[in-house]
Novice: 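One structure follows; several queries about it will come next.
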Amino acid sequence: MDTEKVIELVNQADKNCSSSHEHHPITIEKMTVGADAYDQFTVFLSDKNYKNVLMIADENTLHAAGERVVTYLEKLDLSYGICLIEPNEIGDVVADEQALVQALLAIHDEVDCLLAVGSGTIHDITRFCGAKTGKPFISIPTAASVDGFTSLGAPLIIKGVKKTFPTASPIALFADIGVLASAPKTMTAAGVGDMMAKFTSLADWKFDHLVKGEPYCPLAAEITKSALDDCMLGVDKIARGEEEGLKILMNSLIQSGLAMLMFGQSHPASGGEHHLSHYWEMEFLQKKRRQVLHGAKVGVSTILLSSLYPKWYLEGKLLPNGSQEKDEVKKIIQSLPDAVSLTELMEQLGGPTTPEQLGIEQDLVDRSLKEAYLLRDRFTMLKSYNEKG
């Protein structure tokens, strides 16, 4: 499904979806993934008649794309500033209080718009600060590594705890395909890992709806599943680093973000696998260890849960009491791909497949399987297992 079709479906969601849950319209004005992305970016800025913009980046993303973006800004009749987010004491750029304050101090009254030049962390910082200051922001991805470019939520580290805040989506997105293709292969593999996580997040969401009656949107699920399918079909091209493969991956990530944006929450794309990832991330922060890419963590946690959910719910017979619910849960579990095939897929991309490869010890894995569900007020098969097991 192409992105224009997704937007059309979302903006007519009340006709296209049986859910009574509120459907949020897509307010993103322009999205371009291609070789002419930055040309389209300058046209967009000119049409907006902005006079002052602030780029938020870090040293790596400034080099990856920001310097080139500056050459386009200099052709326009506007002023621009650059806020380089500084790494923390162990060398990581993270979306914590220190980074947020640095960005907020750089946003003065004359700024018309913020430019998020980076991947997940830079976007989380920018979207939060933009929402707090009332400044719109434009997404300029430097890698196809996460699905949060077009979503509403900003996962932040506050007092060492990962918490997602509702903020704002970008008003536009411009992804240069050459920049995406030049990104480290580890970031591309992480992007596929973030898409692969939809296998378990969609299963958790269906389970949540079936067992607890939580809101469920078939259209958001359909959009997410379609994006996941497109990504999985394009893995060969993605693994070879072809521009067409990077375009498939980036569009899949964008569409996953649009599904979250429409639903207003992250249910379509974030389940037990994300809770494990957040737990691991918080542990690394507390122990002052260098961070691991988000998509790498959720890719590994997806493989892990794809091996555990069948054991817990089919072999372990941990099923609801009602016969109809039992059958439905079995269908949900059986819809998951087996862990072996997911491992082979990630190996094809050169990405990690086990916690050990991420430097995550078995003790941390064991603790996360027992405690990570407490991080979110969301019912998943991971949470159900811990409450009933």
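Note that the numbering runs from 1 along the sequence shown for the chain. What you see is a predicted model; the values in this text were computed from it and never measured.
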Novice: Can a donor-acceptor pair be found, under 3.5 Å and without considering hydrogens, that links the side chain of Tyr313 to the backbone of Met381?
Specialist: yes
Novice: Provide the closest heavy-atom pair for Ala57 versus Leu62 in the form atom of the first, atom of the second, distance.
Specialist: CB-N, 4.2 Å
Novice: Is Ser252 reaching over with its side chain to a backbone N or O of Ala227, donor-acceptor style, under 3.5 angstrom?
Specialist: yes
Novice: Please work out which of the three classes, parallel, tilted or perpendicular, describes the rings of Trp205 and Tyr216, given edges at 30° and 60°.
Specialist: tilted
Novice: Side-chain contact test, heavy atoms from C-beta onward, threshold under 4.5 Å: evaluate it for Ile138 versus Leu45 and give yes or no.
Specialist: yes
Novice: Do the side chains of Val94 and Glu281 get nearer than 4.5 Å, heavy atoms only?
Specialist: no
Novice: If you measure only the distance, is there a donor-acceptor pair under 3.5 Å linking the side chains of His123 and Ser139?
Specialist: yes
Novice: Check Thr126 against Ala116 and note the closest heavy-atom contact, atom names and distance.
Specialist: OG1-CB, 3.6 Å
Novice: Given side chains that start at C-beta, do those of Leu76 and Tyr50 come closer than 4.5 Å, heavy atoms only?
Specialist: no
Novice: When the ring planes of Phe207 and Phe379 are compared, do they come out parallel, tilted or perpendicular, using 30° and 60° as the limits?
Specialist: parallel
Novice: Just by distance, do the side chain of Ser301 and the backbone of Glu273 share a donor-acceptor pair under 3.5 Å?
Specialist: yes
Novice: Using 30° and 60° as the class boundaries, would you call the ring planes of Trp312 and Tyr309 parallel, tilted or perpendicular?
Specialist: tilted
Novice: Are any of the side-chain nitrogens in Arg367 or Asp363 under 4.0 Å away from the carboxylate oxygens of its partner?
Specialist: yes
Novice: If you measure from the Lys or Arg side-chain nitrogens to the Asp or Glu carboxylate oxygens, is any gap between Lys370 and Asp366 under 4.0 Å?
Specialist: no
Novice: Between Glu214 and Lys212, does any NZ, NE, NH1 or NH2 come within less than 4.0 Å of an OD or OE carboxylate oxygen?
Specialist: no
Novice: I'd like to know if Arg68 and Asp176 make a salt bridge, using a cut-off of under 4.0 Å between side-chain N and carboxylate O.
Specialist: yes
